[in-house]
Amino acid sequence: MTSPSVSREAYGEASDRLVAETASITAPQLVTVADEILSVAGLLRSDLRLRRALTDPSRPGSDRAGLIESLLTGKVSKATVDTVATLVAGRFARPGQLLDATEHLGVDALLASAERDGKLADVEDELFRFGQIVAGDTALTSALSDANAPLGGRVKLVEDLLKGKAHVVTVRLVEVALTGFGGRGFEASLTRLVEATAAKRDREVAYVTVAKPLTDAEEQALAAKLTGVYGRDVSLKVDVVPGVLGGVSVRVGSDLYDGTVLRKLNAAKQAFAK
């Protein structure tokens with residue numbers, strides 16, 4: 001999983017190092033490594049001078065790696081030190097790219113943990129369902145999306161809502177979304193993380209809006225049709241909105257098919273108004 005703002009070569013080398021360093025550890029241990037990497041991301045987010053020093057093109061990569069090693073050794077695991085040092089030794093066009101890459105590595109480790117635990121599909125579904133709950137509650141949306149509110153309070157709110165009800169990786173990913181994953185707002189971050197989780201399962205995400213719940217047979221038929229169109233398995237995320245009256249709206253990436261009755265009525269109204 002990469003972002004356009006991430007240096008692909010540096011990220012790829014660090015990702016390979018992360019995989020190698022964590023190949024034999026347990027799912028809970030992987031969560032610990034992920035937390036450590038995300039803590040480094042938090043440090044980079046709060047310290048522009050450090051980001052600049054670690055991406056200074058006039059300094060050799062070994063010097064930049066040595067700087068981060070001196071800051072982290074003895075405070076986090078060897079896997080985290082080696083992964084972040086490998087990342088820092090690479091070249092970045094701007095300091096913000098290093099922050100983005102570090103965040104992505106932390107998320108990669110969380111997703112690898114869920115995969116190792118056999119819970120990746122559950123995490124994907126839990127993230128989507130939580131996003132629906134937030135979108136349906138104006139007060140909750142406001143509370144979680146307010147970047148000016150203390151992060152600690154918003155994290156506690158998420159933990160109160162999800163702990164014991166969702167996988168630990170789901171909770172941590174929602175907390176990542178609170179910090180604005182990849183520079184996005186909370187809801188957009190959550191959507192990106194749903195899609196990243198699906199991509200880890202080698203699936204496209206199809207957002208489906210219907211007036212009433214689909215039957216299992218209807219979901220299977222729709223998924224099969226979309227799989228044929230996109231050439232890979234599709235993960236359906238169904239949102240029931242009675243206001244669309246009937247029909248189906250499907251969005252996959254930038255592709256949108258809107259066959260809802262509401263859209264047809266609106267189109268008819270516009271035609272009569274001309």
- Item | Check: Thr26 and Arg116 side chains under 4.5 Å, non-hydrogen atoms | no
- Mind checking whether Thr83 and Thr22 have side chains closer than 4.5 Å, heavy atoms only? no
- Task: Compare all side-chain heavy atoms of Leu44 with those of Leu54 and state whether any distance is below 4.5 angstrom.
- Result: yes
- Task: Decide, yes or no, whether a salt bridge links Glu175 with Arg172 under the criterion of side-chain N to carboxylate O below 4.0 Å.
- Result: yes
- Message: Taking Leu71's backbone N and O only, do any of them form a donor-acceptor pair with Lys75's side chain (distance below 3.5 Å, no angle check)?
- Response: yes
- Task: Supply the atom-to-atom distance Leu161 CG to Leu140 CG, rounded to the nearest 0.5 angstrom.
- Result: 6.0 Å
- Do Ser235 and Glu204 get their side chains close enough for a donor-acceptor pair, meaning under 3.5 Å? no
- Decide yes or no for His167 and Asp117: does some side-chain heavy atom of the first lie under 4.5 Å from some side-chain heavy atom of the second? yes
- Task: Would you check, one step at a time, whether the test side-chain contact (heavy atoms from CB on, under 4.5 Å) holds for Asp258 with Thr209?
- Result: CA-CA 9 Å; Asp258 190 348; Thr209 303; over 6 Å; no
- Using atom types as modelled and distance alone, determine if a side-chain donor or acceptor of Glu126 lies under 3.5 Å from a backbone N or O of Val123. no
- Item | Shortest non-hydrogen contact between Ala53 and Leu67, atoms and distance | CB-CD2, 4.1 Å
- With a 4.5 Å limit on heavy-atom distance, are the side chains of Arg51 and Gln97 in contact? no
- Query: Should Glu195 and Thr191 be marked as a side-chain contact (heavy atoms from CB on, under 4.5 Å) after you check the CA-CA gap, both sets of side-chain angles, and the distance that decides it?
  - Reply: CA-CA 6 Å; Glu195 293 168 357; Thr191 297; 3.6 Å; yes
- Are the side chain of Ser46 and the backbone N or O of Leu43 linked by a donor-acceptor pair below 3.5 Å? yes
- Kindly give the heavy-atom pair with the smallest separation between Ala34 and Ala109, and that separation in Å. CB-CB, 3.5 Å
- Task: Check the angle between the aromatic planes of Phe181 and His104 and answer parallel, tilted or perpendicular using the 30° and 60° thresholds.
- Result: tilted
- Note on the structure: Minimal heavy-atom distance between Ala89 and Ala65, with the atoms involved, is CB-CB, 4.2 Å
- Message: side chain to side chain donor-acceptor pair (under 3.5 Å), that's the test. Do Thr80 and Ser77 meet it? Break it down for me.
- Response: CA-CA 5 Å; Thr80 298; Ser77 65; 3.1 Å; yes
- Task: Specify whether Tyr207 and Phe128 have parallel, tilted or perpendicular ring planes, treating 30° as the upper limit for parallel and 60° as the lower limit for perpendicular.
- Result: tilted
- Message: Closer than 3.5 angstrom, by distance alone: can the side chain of Ser113 be matched with the main-chain N or O of Ala27 as a donor-acceptor pair?
- Response: yes
- Is a side-chain N or O of Ser142 found less than 3.5 angstrom from the main chain of Thr138, in a donor-acceptor match? no
- Task: With the side chain counted from C-beta on, respond yes when Phe130 and Thr170 share a heavy-atom pair under 4.5 Å apart, and no when they do not.
- Result: no
- Query: Is Arg59 salt-bridged to Asp63, going by a charged N under 4.0 Å from an acidic O?
  - Reply: no
- Task: For the residue pair Asp16 and Tyr11, confirm or rule out a side-chain donor-acceptor distance under 3.5 Å.
- Result: no
- Message: Under the side-chain contact (heavy atoms from CB on, under 4.5 Å) test against Val134, which residue among Val174, Val158, Leu144 passes?
- Response: Leu144
- Message: For the residue pair Glu36 / Ser39, report whether a side-chain donor-acceptor contact shorter than 3.5 Å exists.
- Response: no
- Task: Without swapping roles, check the side chain of Arg203 against the backbone of Ala198 for a donor-acceptor pair under 3.5 Å.
- Result: no
- Item | Arg52 CZ: over 12 foreign heavy atoms closer than 6.0 Å | no
- Note on the structure: Heavy-atom closest pair (Glu21 atom, Ala79 atom, distance to 0.1 Å) is CB-CB, 3.8 Å
- Message: Under a 3.5 Å threshold, yes or no: a donor from one side chain and an acceptor from the other, between Arg129 and Gln132?
- Response: yes
- Taking all atoms of both residues into account, what is the closest heavy-atom pair of Val234 and Ala206, and its distance? CG1-CB, 3.5 Å
- Task: For side-chain contact (heavy atoms from CB on, under 4.5 Å), just list the numbers for Val208 and Asp239, CA-CA rounded to whole Å, side-chain angles, deciding distance to a tenth of an Å, and then say yes or no.
- Result: CA-CA 6 Å; Val208 180; Asp239 191 12; over 6 Å; no
- Query: Once you round to the nearest 0.5 Å, how far does CG of Asp47 lie from CG of Leu99?
  - Reply: 11.5 Å
- Salt-bridge test for Glu103 and Arg45: reply yes if a basic N is under 4.0 Å from a carboxylate O, no otherwise. yes
- How long is the gap from CD on Glu115 to CG on Leu120, to the nearest 0.5 Å? 6.0 Å
- Item | Pair Arg251 + Asp255: basic N to acidic O under 4.0 Å | no
- Point-to-point distance, once rounded to the nearest 0.5 Å, from CG of Leu105 to CG of Asp100: 11.0 Å
- Check whether any side-chain heavy atom of Leu110 sits under 4.5 Å from a side-chain heavy atom of Leu38, and report yes or no. yes
- Lys/Arg N to Asp/Glu carboxylate O, Asp160 vs Lys156, below 4.0 Å: yes
- Query: At what distance, to the nearest 0.5 angstrom, does CZ of Phe92 lie from CD of Glu9?
  - Reply: 10.0 Å
- Query: Can you hop from Leu50 to Leu48 via hydrophobic side chains spaced under 4.5 Å?
  - Reply: no
- Task: Would you check, one step at a time, whether the test side chain to side chain donor-acceptor pair (under 3.5 Å) holds for Thr197 with Glu124?
- Result: CA-CA 6 Å; Thr197 308; Glu124 180 187 326; over 6 Å; no
- Query: Is there a side-chain contact between Lys237 and Val194, using heavy atoms and a 4.5 Å cut-off?
  - Reply: yes
- Task: Could you check Arg154 against Glu159 for side-chain contact (heavy atoms from CB on, under 4.5 Å), going step by step and ending with a plain yes or no?
- Result: CA-CA 9 Å; Arg154 290 185 288 144; Glu159 291 178 346; over 6 Å; no
- Query: Between atom CG of Leu87 and atom CZ of Arg17, what is the distance when rounded to the nearest 0.5 Å?
  - Reply: 12.0 Å
- Of the non-hydrogen atoms in Asp108 and Ser15, which two are nearest, and what is the gap between them? OD2-OG, 4.3 Å
- From CA spacing to verdict: salt bridge (charged side-chain N to carboxylate O under 4.0 Å, His left out), Arg232, Asp202: CA-CA 7 Å; Arg232 65 191 299 195; Asp202 196 26; 2.9 Å; yes
- Query: Do Val19 and Val81 belong together in a cluster built from hydrophobic side chains that touch within less than 4.5 Å?
  - Reply: no
